[in-house]
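We use all heavy atoms of the structure for the numbers below, so side chains are in, but hydrogens, waters and symmetry mates are not.
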Amino acid sequence: AGCGSTASTTGPETPMDATTYLRVQLSFDAAAPMHLDAARFLLAVTRARVALTGDVGAADPVALVHYDHERLEATLRVPERSAAQLRSALTVLREVEQAA
């Protein structure tokens with residue numbers, strides 16, 4: 001699986017509270033179309049983060065702001081300090097085990 005993402009940053013003036021929005025689209029190498037509801041999409045994102053960084057590394061919150069189930073595309077809100085880690089986790093995501 002792979003993903004594409006774009007990011008724009010917005011948030012309060014303090015760097016600790018800065019928020020980043022990522023637009024993410026998952027694609028799978030499957031013969032049949034993949035259908036994930038919003039909860040399973042977020043579960044796939046969480047599993048990718050835990051697989052890359054462990055439970056502690058994946059502790060920062062990720063909010064699903066918008067989800068298009070037909071395109072498997074979402075807008076995610078994450079703390080700015082976690083954006084690179086999330087992008088890395090999604091880049092190395094190979095499959096969604098039992099989430100679909």
To the nearest 0.5 Å, how far apart are [atom1] in [X] and [atom2] in [Y]?
| X | Y | atom1 | atom2 | value |
| --- | --- | --- | --- | --- |
| Asp55 | Arg49 | CG | CZ | 10.5 Å |
| Glu73 | His66 | CD | NE2 | 7.5 Å |
| Thr75 | Leu22 | OG1 | CG | 9.0 Å |

Among the clusters formed by ILVMFWY side chains lying less than 4.5 Å apart, do [X] and [Y] turn up in the same one?
| X | Y | answer |
| --- | --- | --- |
| Leu26 | Tyr67 | yes |
| Leu90 | Leu42 | yes |
| Val50 | Val62 | no |

How close do [X] and [Y] get, counting heavy atoms only, and between which atoms?
| X | Y | answer |
| --- | --- | --- |
| Pro79 | Pro61 | CD-O, 3.2 Å |
| Ser88 | Leu52 | CB-CD2, 3.7 Å |
| Ala58 | Thr53 | N-OG1, 3.3 Å |
| Leu64 | Ala74 | CD1-CB, 3.5 Å |

Does any non-hydrogen side-chain atom of Leu86 lie less than 4.5 Å from one of Asp60?
no

Any side-chain heavy-atom pair of Leu36 and Leu72 under 4.5 Å
yes

Mark yes or no for whether Gln85, through its side chain, and Gly57, through its backbone, hold a donor-acceptor pair below 3.5 Å.
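Side chain of Gln85 to backbone of Gly57, a donor-acceptor pair under 3.5 Å: yes, one is there.
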
